[in-house]
Amino acid sequence: QSLIINQFSTASESGNHMTVVEQITPASALGQYSSFRRDTITLTWEDRRQGHGKRRSDSGTEFAISLPSGTILKAGDCFILADAATIVEVREASEPVYVIRPTTPQEWAYYAYHVGNRHQQVMIGPTELIFLQSPAVRSLLEQLHVSFTADERPFTAALANVGHSH
């Protein structure tokens, strides 16, 4: 079984060719690329939501991505740069977050209601709610008189693929 690599090269402003990757390859499908060099790209939540644009790997390899609309990159996703004989694996960057730990079903519902009502992104853990740090989130948590801690960890919002409008 052969794997189709959807990529092409395009001339950049400097006249150099840049590989444009159009699909994500799972790490489990990389067997035939064992001779390729391995690299990583560490991306924030916002960067992982952007499916188009120029990228630079952690070691400096430049390439571009043009992924289907709505694609959200996650740790372990890989880009095959055939021209450079390189596999670039996505890593999720640690980001400054606020963490709250509801202790009752009522607290979970109360916090979720207020966060959703203010359209703030939230990551839902088994025992905690995690928010990217921002003045708006800090103000909300203080208004709700919620005990919270500051931390750093990778962030992926819940319901990341769900559209919303009023």
Report yes if some heavy atom in the side chain of [X] is under 4.5 Å from a heavy atom in the side chain of [Y]; otherwise report no.
| X | Y | value |
| --- | --- | --- |
| T104 | Y110 | no |
| I24 | K74 | no |
| L140 | V115 | yes |
| V99 | R153 | yes |
| T61 | R37 | yes |
| V146 | E107 | no |

field: Other residues, nucleotides, ligands: >12 heavy atoms within 6.0 Å of R91 CZ
entry: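 Counting other residues, nucleotides and ligands, CZ of R91 stays at 12 neighbours or fewer.
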
message: Taking CZ in R56 as the centre, count heavy atoms belonging to other residues, nucleotides or ligands within less than 6.0 Å. Is the count above 12?
response: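 Open.
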
Could you tell me which non-hydrogen atom of [X] sits nearest to which non-hydrogen atom of [Y], and how far apart they are?
| X | Y | result |
| --- | --- | --- |
| A29 | T25 | CB-CG2, 4.0 Å |
| W108 | T127 | CZ2-C, 3.8 Å |
| D77 | L73 | OD2-CA, 3.5 Å |
| E152 | P96 | CG-CA, 4.0 Å |
| E92 | A75 | OE2-N, 3.1 Å |
| I124 | A158 | CD1-CB, 3.9 Å |

Residue pair E46, E95: steps toward the side chain to side chain contact (heavy atoms under 4.5 Å, CB included) verdict: CA-CA 11 Å; E46 286 302 320; E95 302 183 69; over 6 Å; no

Distance check, rounded to the nearest 0.5 Å: [X] atom [atom1] versus [Y] atom [atom2]?
| X | Y | atom1 | atom2 | value |
| --- | --- | --- | --- | --- |
| T71 | I65 | OG1 | CD1 | 8.5 Å |
| T19 | D83 | OG1 | CG | 4.0 Å |
| L30 | I87 | CG | CD1 | 5.0 Å |
| T86 | I80 | OG1 | CD1 | 11.0 Å |
| L81 | M18 | CG | CE | 10.5 Å |
| D151 | Y98 | CG | OH | 12.0 Å |

Side chain to side chain donor-acceptor pair (under 3.5 Å) against D58, all qualifying residues, sequence neighbours excluded: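 D58: side chain to side chain donor-acceptor pair (under 3.5 Å) contacts with T40, T42.
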
message: Quick one, E142 with F148, criterion side chain to side chain contact (heavy atoms under 4.5 Å, CB included). Give me CA distance, side-chain angles, the key distance, then yes/no.
response: CA-CA 9 Å; E142 288 171 349; F148 62 92; 4.3 Å; yes

field: From CA spacing to verdict: side chain to side chain contact (heavy atoms under 4.5 Å, CB included), F79, L67
entry: CA-CA 11 Å; F79 302 115; L67 301 173; 4.3 Å; yes

message: Whether the side chain of Q133 engages the backbone of V97 through a donor-acceptor N/O pair (distance < 3.5 Å, no angle test) should be reported.
response: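 Yes; judged by distance alone, with no hydrogens or angles, the pair exists.
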
message: Quick check against the 3.5 Å criterion: does Q120 have a side-chain atom that pairs as donor or acceptor with the backbone of R118?
response: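 Side chain of Q120 to backbone of R118: a pair is present.
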
- request: For the residue pair W45 and F155, categorise the inter-ring angle as parallel (less than 30°), tilted (30 to 60°) or perpendicular (more than 60°).
  value: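 Perpendicular: the ring planes of W45 and F155 meet at over 60°.
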
field: L141 and Y111: CA distance, side-chain angles, deciding distance, side chain to side chain contact (heavy atoms under 4.5 Å, CB included) verdict
entry: CA-CA 9 Å; L141 297 176; Y111 300 149; over 6 Å; no

